[in-house]
Amino acid sequence: MEMKLSRIYNRTGYRMLLVAVTLWISPLVLGQDPPDIPDLIRVTVDHADNGVLVQWEPSTDPDIEFYHMYKMNPDQSFSKIFTFDPYTFQYKHMTSGLKNLAYAITAEDSTGNESVFGQNVHRAVSVSSDFDLCTQSNAVQWTGYEGWEGSISGYKLYGAIAGDPFQELDFLTAPPLSFSHTHVQADTTYVYYVETFENGGLTSISAIDSVTSIFPEAPAYIIVDYVTVVDESTIELQFSADIAGPVTSFQILRRSNPGTPFLAIDTLWNVTETPSVVQDQFPTGSLSYQYLVQSLFRPVACNSALVISESNTGNNILLENQLVDRLLTLNWTAYSEFETGLAGYTIQRRGGDGEFIDIETVGPGTTQWQETIESVINGFQPGEIQYRVLALSNGGGIGQPGTSTSNITSVSVETQMQVPNAFTPGNPGSSGVDHEFKPLMDFGPKAYLMIVVDRAGRKLFESTQADQGWDGRYQSGEFVNEGVYVYYIQYTDYTGLTRSLTGNVTV
């Protein structure tokens, strides 16, 4: 007798109905019960060789000739793929790149009867991962294990950068079976797998899935060339960057303390030329900020721009002073960092002509310098001594390094003044003879007035310049007669102290 049979897989109950498989059945076999179906234990992946290990319990029927392994087809029908002897209870299927398969095992007795499919279909977890450029994260999802319905205690997700040891990322006991792996590194391959836990102590491991976080190509370089103080309320930052690729926008960030996060203060979209210069406003004599430049890319589908790469840091140098017993100490924040490294610092002092001159150069590890203010005295050096420090970079590099200049710090010095009681008018040049009447002082005051009058109270001379003296002449240009004259001096020094001096000078 010839009968045409086929099996249709019922997903809700894992039942097999007979339809579409051609079998030859002997009249002697008709009427016999099929052997008991062997129970599948588990389907699990061996990561050592990526084979799928299928394990089953032996059929309770003693008359077993063969075990048959089936795989589910896309149309949910099943195809026989392997036949085993009655003493084989597991097999590793080297799937050779096949998709995650559902397996079933049947038993065949010596009369040719084959067990009917029952609730005996197992499929391991299938993991999939996708990189989301907008959130810079990997979205990992996985299917539930099929065959342990009602007896699964949970799913443990493992992940790692390819080549690194796996780490546990999450443990879920119920859907949705998904995980968002945030803060992934750019252009890095990540790998994931899931371990399923059955209430009886069994486990099943999924295949490993991999995904690469592909970011837009970063600029070949972004370099903070320098950060320098412009004036009391302005700093200037210059950076050089590669703008030949797809990333041409940049964000400027700053922070006041190395232990705090950077905060964005400016964004430059679609830069067409570098080096680029930006300015920031704050009191440069009391604050120091560290700066960083990030390259940005804004995909069309994303609501915000993505940070692609970062520069070195740079900071404005904050210079401060302390004067104790005529000993001046300068302290400043270290500059960090030039592309090619820090060569050292130059200390400068402003002279009486208003120009800064180099005083000394120190090494890159030095952030303090001292001198006695006695060494500064030159007759009319202002009592406000001003200093600044320049950070110098090493040569070379890709960028265009400049000099990072600190704020100007002012040292206020008390003016000490002595007034001579006699002088001899005449042409300058006579050795040892004073030809001009003016006070002797160490540091010039902030405000100054000197008046000379005769005994009758007639004004002979007046000046607001501390380095300008009376040459012994009337305002008409003739020399005065020998005698005693009266002077009046009033000044305010840079410490805020005001003094008045009155006395006689003999001509």
Side-chain angles (χ1 to χ4, degrees), residues 1-46 51-96 98-126 143-152 196 198-205:
M1 180 187 305
E2 177 180 319
M3 297 184 63
K4 293 185 177 179
L5 305 174
S6 75
R7 296 178 171 88
I8 298 179
Y9 172 54
N10 184 323
R11 291 182 63 85
T12 60
Y14 297 99
R15 299 289 184 182
M16 301 304 303
L17 302 179
L18 299 179
V19 255
V21 174
T22 301
L23 298 176
W24 291 88
I25 301 180
S26 166
L28 298 176
V29 177
L30 291 176
Q32 293 185 6
D33 292 332
D36 291 332
I37 190 167
D39 290 329
L40 266 173
I41 299 173
R42 67 171 180 171
V43 174
T44 186
V45 177
D46 185 349
V52 180
L53 179 64
V54 183
Q55 297 174 312
W56 61 90
E57 296 283 358
S59 172
T60 58
D61 195 309
D63 179 25
I64 300 299
E65 287 288 324
F66 303 105
Y67 289 111
H68 302 292
M69 179 180 292
Y70 290 81
K71 71 176 180 70
M72 181 188 287
N73 298 315
D75 62 357
Q76 299 182 1
S77 65
F78 278 79
S79 298
K80 184 187 295 183
I81 53 176
F82 299 109
T83 296
F84 307 100
D85 62 53
Y87 308 106
T88 298
F89 307 112
Q90 68 176 25
Y91 180 73
K92 184 182 290 187
H93 183 198
M94 306 307 294
T95 58
S96 302
L98 294 176
K99 298 292 185 181
N100 190 42
L101 299 178
Y103 295 88
I105 301 294
T106 64
E108 181 181 338
D109 61 20
S110 59
T111 63
N113 279 332
E114 185 175 350
S115 56
V116 179
F117 287 91
Q119 295 179 344
N120 198 30
V121 178
H122 281 232
R123 190 200 308 260
V125 164
S126 177
T143 60
Y145 184 94
E146 298 180 25
W148 288 342
E149 285 76 9
S151 62
I152 294 175
T196 307
E198 188 260 348
N199 290 335
L202 295 173
T203 62
S204 171
I205 296 175

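A quick note: this is a predicted structure, and the numbers were derived from the prediction, not measured.
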For a 4.5 angstrom cut-off between non-hydrogen side-chain atoms, does [X] reach [Y]?
X	Y	answer
Q90	L53	yes
L101	M72	no
E198	Y145	no
N113	P35	yes
T44	T203	no

Heavy-atom closest pair, residues [X] and [Y]:
X	Y	value
H122	I41	CE1-O, 3.7 Å
A124	V43	CB-O, 3.6 Å
N100	R123	O-NH1, 3.1 Å
F78	A104	CE2-CB, 4.0 Å
V125	G144	CG2-C, 4.1 Å
G150	N199	O-ND2, 4.1 Å

Please answer whether the main-chain N or O of [Y] pairs with a side-chain N or O of [X] as donor and acceptor at a distance below 3.5 Å.
X	Y	answer
N120	L40	yes
N73	D75	no
T143	S126	yes

- [ ] For the residue pair H68 and Y70, categorise the inter-ring angle as parallel (less than 30°), tilted (30 to 60°) or perpendicular (more than 60°).
- [x] perpendicular
- [ ] Tell me yes or no: between the side chains of D61 and S59, is some donor less than 3.5 Å from an acceptor?
- [x] no
TODO: From the options W56, F82, Y67, select the one residue that forms a side-chain contact (heavy atoms from CB on, under 4.5 Å) with T88.
DONE: W56
